[in-house]
Amino acid sequence: MNNKMLESGNSSENFPSKPKNFIREIIDEDMKTNKWGGRVHTRFPPEPNGYLHIGHAKSICLNFGIANDYNGKFNLRFDDTNPSKEEQEYVDSIIEDIRWLGADFEDRILFASDYFEQMYEWAVKLIKKGKAYVDDLSADQIRGLRGTLTEAGKESPFRNRTVEENLDLFERMRKGEFENGEKVLRAKIDMASPNINLRDPVMYRIVHSEHHRQGTKWCIYPTYDWAHGLEDSIEGITHSICTLEFENHRPLYDWFLDELGIYHPQQIEFARLNLSYTVMSKRKLLRLVQEKYVDGWDDPRMPTVSAFRRRGYTPEAIINFTDIVGVAKRDAMTDIALLEYAIRDDLNKHAQRVMAVLDPLKIVITNYPAGAVEELEAINNPEDPSMGSRKIPFSNEIYIEKSDFMENPPKGFHRLVPGGEVRLRYAYIIKCEEVIKNDKGETIELRCTFDADTKSGTGTSNKKVKGTIHWVSAKHALNAEVRLYDRLFTVEEPDADKEKDFIELLNPDSLKIIPKAMIEPSLKSSRPGDRFQFERLGYFCVDYKNSSDEKLVFNRTVTLKDSWVKSNKK
Ligand code: ATP
Ligand code: MG
């Protein structure tokens, strides 16, 4: 049972028209003035050095949502300009995640590395214009001369090489005549610019390393600053939407495009998504994976798209969440409870409800004939009558949740107590007649009687009790492993304290494994990826990594209510 359940979302259904935001207002205006000839073309440009996280999902939903609503196009472009950290595994996972979200890039899976030749020619063009030069300073020396916010930088002694010398050296850089770090190509702009990004930024560095697609064809690699705007230009992107940290780089991108005189997309910046109780930097997520604090990038506690899929989140809920968060111009922290709300809201409508007992206490119903079995009618989802109903078996031995019985209950406890009555969901009212204990004084079994006239739906009795609890028939129930997840970190902003290693803030109780839960027999046919509400307990999804034909493993997707807020306010 290791086939991943991939329901690739249907774009138009998953992405209903979106509320206006400042980016859409800009595009509306562009459409009015016919700035791009009625075209809208967006892209998502991940670096393939990790799995996608919820912040990336936000960017995908934003970019694809816009293309979808304006009859435009959406490109998936891998920004694979850094050979040392990139791997095919990441490329594959990114494609899978975007398809699952339902963002349709058609056949446009593009790679920045395919533009290396064009970028090289453009670099030569800048050298010929006297706008770029080969520098022999080391990275440290360059940093040392860059200046500060209040102080101008100093020019490199190699800044005034002739065009011929620069052309020759740059060609020899490409040919592999120099070692890593021996030379770089820099733009010749202005070492005194108030914008540090314009102080002769590096365009190419030497990296003798194998590239996942280009092999050893190249040993010079473009920097992000040089490459990014060119990639958008080559693809004819109209609106190049990126996060706020690139606002100060925009004048540099503009400079490159204008000096080259090539097609010039419009860059628009928005605030990145930050989520509480987790980290989103790929470097940190990679560390969690490599040092095995989690079980891979898709460990259900990770904030990655693949983890969310494994945990049972739906694409619709993720998309809805990104819409609720909206698009802002200022950075803020989004409460993870909002994401959980969106998941719950969606699963409430669509997940089938079933009964499962996580911490079983056996009950023998003494006046129910031993060996008799009755099939009772249970509704699959009261929110959606079209989901119908199913039969669940009832017999003289059942399991209930240990916590649904109390010998010395506090006031207001409406479940089972000695001599008290409770309703079994979809079944009968039972009365607790006897409590059986082991030598340690722990309750191990209850003896109850049932009232045959109180059968759900058809019973003639109008007896009323305050509590209704879930149960499963002991001899029919299946065994399953259930995994309960909590926040990955104990604090809202694990990144906040720069002095502290974020690993110290991991929540030691983020995973609790229940090896032997009892679940109703209708779940026998469930498949990896199937989602359920276990009545009164939460939403659960069949794990595709650990389930087998012999053993079902369920991941808790989300609790029924926000228990975290409650328990923290105690
Ligand atoms: P790193 O963690 O290494 O800095 P990154 O998260 O920026 O990397 P990229 O692969 O460069 O990773 O991101 C691809 C796209 O996703 C970029 O356009 C980026 O703006 C966007 N993006 C990344 N993180 C977020 C976020 N938290 N919120 C919104 N968009 C994001
Ligand atoms: Mg980045």
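In listed order, ligands and their atoms are each counted from 1.
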Could you tell me if [Y] and [X] have a donor-acceptor pair between their side chains, going purely by distance under 3.5 Å?
{"X": "T557", "Y": "R531", "value": "no"}
{"X": "D200", "Y": "Y133", "value": "yes"}
{"X": "Y224", "Y": "E47", "value": "no"}
{"X": "R301", "Y": "S510", "value": "yes"}

- With atom 21 (C) of ligand 1 as the reference point, say which of A57, S59, P48, G50 has the nearest heavy atom. S59
- Message: Heavy atom to atom 27 (N) of ligand 1, shortest distance: which of L273, I94, D79 holds it?
- Response: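 Comparing heavy atoms across L273, I94, D79, the nearest one to atom 27 (N) of ligand 1 lies in L273.
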As an exercise, identify every atom of ligand 1 less than 4.0 angstrom from a heavy atom of [X].
{"X": "H53", "value": "6 (O), 24 (N)"}
{"X": "E47", "value": "9 (P), 10 (O)"}
{"X": "T243", "value": "20 (O), 29 (C), 30 (N), 31 (C)"}
{"X": "F44", "value": "14 (C), 15 (C), 16 (O)"}

- Report the relative orientation of the aromatic rings in F502 and F489; use parallel for angles under 30°, tilted for 30 to 60°, perpendicular for over 60°. tilted
- Message: Would you call the rings of H56 and F44 parallel, tilted or perpendicular, taking 30° and 60° as the class edges?
- Response: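 Ring orientation of H56 relative to F44: perpendicular.
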- Run the side chain to side chain donor-acceptor pair (under 3.5 Å) check on R483 and N555 step by step: do they pass? CA-CA 5 Å; R483 299 180 169 208; N555 293 317; 5.0 Å; no
If we only count N/O pairs under 3.5 Å, is [X] in contact with ligand 1?
{"X": "R43", "answer": "no"}
{"X": "H56", "answer": "yes"}
{"X": "G55", "answer": "yes"}
{"X": "I241", "answer": "no"}
{"X": "N49", "answer": "no"}

- Query: For atom CD of Q88, is the number of surrounding heavy atoms from other residues, nucleotides or ligands below 6.0 Å larger than 12?
  - Reply: yes
- Task: Could you see which bit of F246 sits under 4.0 Å from ligand 1, with heavy atoms only: side chain, backbone, both or neither?
- Result: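 F246 to ligand 1: no contact under 4.0 Å from either part.
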- Query: Of the backbone atoms (N, CA, C, O) and the side-chain heavy atoms from C-beta on, which set of R283 has a member under 4.0 Å from an atom of ligand 1: side chain, backbone, both, or neither?
  - Reply: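 Contact part for R283 vs ligand 1: neither.
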- Message: Between D543 and R310, does any side-chain N to carboxylate O distance fall below 4.0 Å?
- Response: yes
